[in-house]
Student: 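Here it is, the structure in full.
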Amino acid sequence: MSSYLEATARERLALFDSFEEFVGPAQRVVSPHLGQLNAPVAFDDGVVVGRASLGGLAVFAAAQEGGFMGGAVGEVHGAKLTGLLRRALIERPAAVLLLLETGGVRLHEANAGLIAVSEVMRAVLDVRAAGIPVVALIGGSNGAFGGMGIVARCANSLVISEEGRLAMSGPEVIETANGVEEFDSRDRALVWRTTGGKHRYLMGDVQLIVDDSIPAFRQAAQEAIIQARDETVELTLAGLEAEHAMLEQRIERFGSLRDPADIWAALGIAAAQDIPMLDAASFIAAAAPHRQGA
């Protein structure tokens with residue numbers, strides 16, 4: 001089966017039955033900032049957006065290209081995502097799927113990128129408030145970090161693979177800011193234990209974890225749409241306060257632990273050190289009684 005991790009943004013569109021692109025490369029809508037810095041541009045600015053069909057459902061979808069500036073968001077990239085979400089409010093598809101692979105904001109575009117991410121975040125919440133599920137899929141080598149990591153957590157539902165990663169600050173950023181003693185970005189096993197799909201699933205930050213294949217993500221996306229429609233979470237102050245209370249409890253319970261494996265053991269998982277070696281099915285079975293928020 002084809003690897004989701006190794007696929008490009010356009011190759012990942014194979015999980016849909018059909019796809020009609022909006023603002024494609026032929027229109028050559030490129031970043032107005034990169035050329036001024038003599039930086040390379042992409043004719044789709046690193047993101048593909050459009051209308052798709054998935055298992056008989058009409059959906060909207062966006063796929064970020066990790067091979068172009070790590071999938072980072074600039075002015076045009078963000079405008080395409082925001083435009084897709086706003087169009088969803090008009091056409092009302094069954095769901096919006098965000099195939100994320102991004103390091104966050106494009107440093108070359110700084111403030112423009114930050115504004116773009118904030119607009120995407122607002123648009124995601126507007127789509128959710130309109131009763132249209134937003135599902136994020138994370139399985140690319142760049143993960144979902146920075147502002148787009150926050151966008152991911154604004155979605156109704158998240159699907160991730162073991163190879164996928166989700167966090168606010170990336171390992172290199174944490175190490176640069178606080179030193180290698182705080183976080184060694186060269187320790188790849190530690191990086192994946194901390195930000196990888198298995199840990200995020202155990203902590204309840206994502207709803208589904210799948211094998212690294214396009215067919216597996218396709219099936220999970222369909223399940224996530226149905227789940228999101230049946231289990232709509234109200235965007236209310238009470239809901240936000242409950243989320244804050246959960247995070248406070250998490251810090252109180254696990255804040256003193258230095259390694260995710262210690263957290264897994266504290267959750268009651270026997271042989272927690274073996275978690276990284278389990279395939280998705282075995283991991284889900286082992287995690288079921290201990291997963292947070294389950």
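Predicted, not measured: the structure shown is a model, and the values here were computed from it.
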Student: Are Asp17 and Arg218 close enough for a salt bridge, meaning some N to O gap below 4.0 Å?
Tutor: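 Looking at Asp17 and Arg218, the cut-off is met.
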
Student: Using the rule given for side-chain contact (heavy atoms from CB on, under 4.5 Å), can you reason through Thr195 versus His199, listing the C-alpha separation, both sets of side-chain angles and the distance that settles it, and then say yes or no?
Tutor: CA-CA 7 Å; Thr195 64; His199 183 57; over 6 Å; no

Student: Quick one: does Gln36's side chain have a donor or acceptor within less than 3.5 Å of a partner on Pro32's backbone?
Tutor: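 Yes, Gln36 side chain to Pro32 backbone: donor-acceptor pair under 3.5 Å.
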
Student: Any idea which heavy atoms bring Leu158 and Ala152 closest together, and the distance?
Tutor: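 Nearest heavy atoms, Leu158 then Ala152: CD1-O, 3.1 Å.
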
Student: Any chance you could measure Leu37, atom CG, to Leu107, atom CG, to the nearest 0.5 Å?
Tutor: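 CG of Leu107 is found 11.5 Å from CG of Leu37.
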
Student: Does NZ or CZ of Arg12 lie under 6.0 Å from the centre of the six-membered ring of Tyr4, at an angle within 45° of the ring axis?
Tutor: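 Output yes; distance and angle both within limits.
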
Student: Are any side-chain N or O atoms of Asn142 and backbone N or O atoms of Gly66, one a donor and one an acceptor, separated by less than 3.5 Å?
Tutor: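 Yes: the side chain of Asn142 pairs with the backbone of Gly66.
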
Student: Assess, by modelled atom type and distance only, whether the side chains of Thr82 and Glu119 contain a donor and an acceptor separated by less than 3.5 Å.
Tutor: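 Thr82 vs Glu119: no donor-acceptor pair found between side chains.
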
Student: Is Arg250 atom CZ crowded by more than 12 heavy atoms from other residues, nucleotides or ligands, each under 6.0 Å away?
Tutor: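 Check passes, neighbour count above 12.
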
Student: Measuring only between side-chain heavy atoms, which start at C-beta, is Arg153 closer than 4.5 Å to Glu243?
Tutor: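 Yes - at least one pair of side-chain heavy atoms lies under 4.5 Å apart.
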
Student: Go through it in stages, so that I can follow the logic: the residues are Ile225 and Leu97, the test is side-chain contact (heavy atoms from CB on, under 4.5 Å), and I'd like the CA-CA distance, side-chain angles, deciding distance and then a yes or no.
Tutor: CA-CA 9 Å; Ile225 292 171; Leu97 275 66; 3.8 Å; yes

Student: Going through the distances and angles, do Glu65 and Asp44 end up as a side-chain contact (heavy atoms from CB on, under 4.5 Å)?
Tutor: CA-CA 9 Å; Glu65 177 50 69; Asp44 60 10; 5.6 Å; no

Student: In Å and rounded to the nearest 0.5 Å, what is the CZ to CD distance from Arg186 to Glu172?
Tutor: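 If I round to the nearest 0.5 Å, the distance is 11.0 Å.
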
Student: Hey, quick one: are Leu125 and Met168 part of the same hydrophobic cluster, counting side-chain heavy atoms closer than 4.5 Å, chains of contacts allowed?
Tutor: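 No, separate clusters.
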
Student: If only side-chain N and O atoms count, and only distance matters, is there a donor-acceptor pair under 3.5 Å linking His290 with Trp264?
Tutor: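 Per modelled atom types, Trp264 and His290 side chains form no pair under 3.5 Å.
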
Student: Kindly determine whether Glu175 and Asp184 satisfy side-chain contact (heavy atoms from CB on, under 4.5 Å), including the steps that lead there.
Tutor: CA-CA 6 Å; Glu175 181 179 314; Asp184 185 355; 3.9 Å; yes

Student: Is it the case that the side chain of Lys198 and the backbone of Phe283 share a donor-acceptor pair, with hydrogens and angles ignored and the cut-off at 3.5 Å?
Tutor: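 Judged by distance alone, no pair lies under 3.5 Å.
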
Student: Among His108, Glu75, Arg106, whose side chain to side chain donor-acceptor pair (under 3.5 Å) with His33 holds?
Tutor: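 One option only clears the test, and that one is Glu75.
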
Student: Do the rings of Phe22 and Phe60 sit parallel, tilted or perpendicular, given the 30° and 60° boundaries?
Tutor: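 It falls in the perpendicular class, over 60°.
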
Student: Distance only, no hydrogens: is a donor on one side chain within 3.5 Å (strictly under) of an acceptor on the other, for Glu109 and Ser31?
Tutor: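 Distance-only check passes for Glu109 and Ser31.
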
Student: Does any N or O in the side chain of Lys80 come within less than 3.5 Å of the main-chain N or O of Val49, such that one atom is a donor and the other an acceptor?
Tutor: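 Pair absent, no side-chain N/O of Lys80 close to backbone of Val49.
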
Student: Test Ser141 against every option in Glu163, Glu101, Arg165 by the side-chain contact (heavy atoms from CB on, under 4.5 Å) rule and name the one that passes.
Tutor: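 When Glu163, Glu101, Arg165 are each tested with Ser141, the side-chain contact (heavy atoms from CB on, under 4.5 Å) holds only for Glu101.
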
Student: Find the distance between CD1 (Ile269) and CG (Asp274) and round it off to the nearest 0.5 Å.
Tutor: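 If we round to the nearest 0.5 Å, Ile269:CD1 and Asp274:CG are 11.0 Å apart.
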
Student: Quick one: CG on Leu100 to CG on Leu166, what's the gap to the nearest 0.5 Å?
Tutor: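 Nearest 0.5 Å value for the CG-CG distance: 9.0 Å.
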
Student: Hey, could you give me the CZ/CD distance between Arg51 and Glu21, rounded to the nearest 0.5 Å?
Tutor: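 Separation between the atoms: 12.5 Å.
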
Student: Let me confirm one number: the NE2-CZ distance from His77 to Phe68, rounded to the nearest 0.5 Å.
Tutor: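 Spacing of NE2 (His77) from CZ (Phe68) equals 9.5 Å.
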
Student: Is a side-chain donor or acceptor of Arg92 paired with a backbone partner of Ile132 at a separation under 3.5 angstrom?
Tutor: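 No, Arg92 side chain to Ile132 backbone: no donor-acceptor pair under 3.5 Å.
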
Student: Is a side-chain N or O of Asp212 found less than 3.5 angstrom from the main chain of Leu5, in a donor-acceptor match?
Tutor: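 Yes: the side chain of Asp212 pairs with the backbone of Leu5.
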
Student: Looking at every heavy atom in both Ala155 and Arg128, which two are closest together, and how far apart are they?
Tutor: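 Looking at all heavy atoms of both residues, the closest pair is O-NH1, 3.6 Å.
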
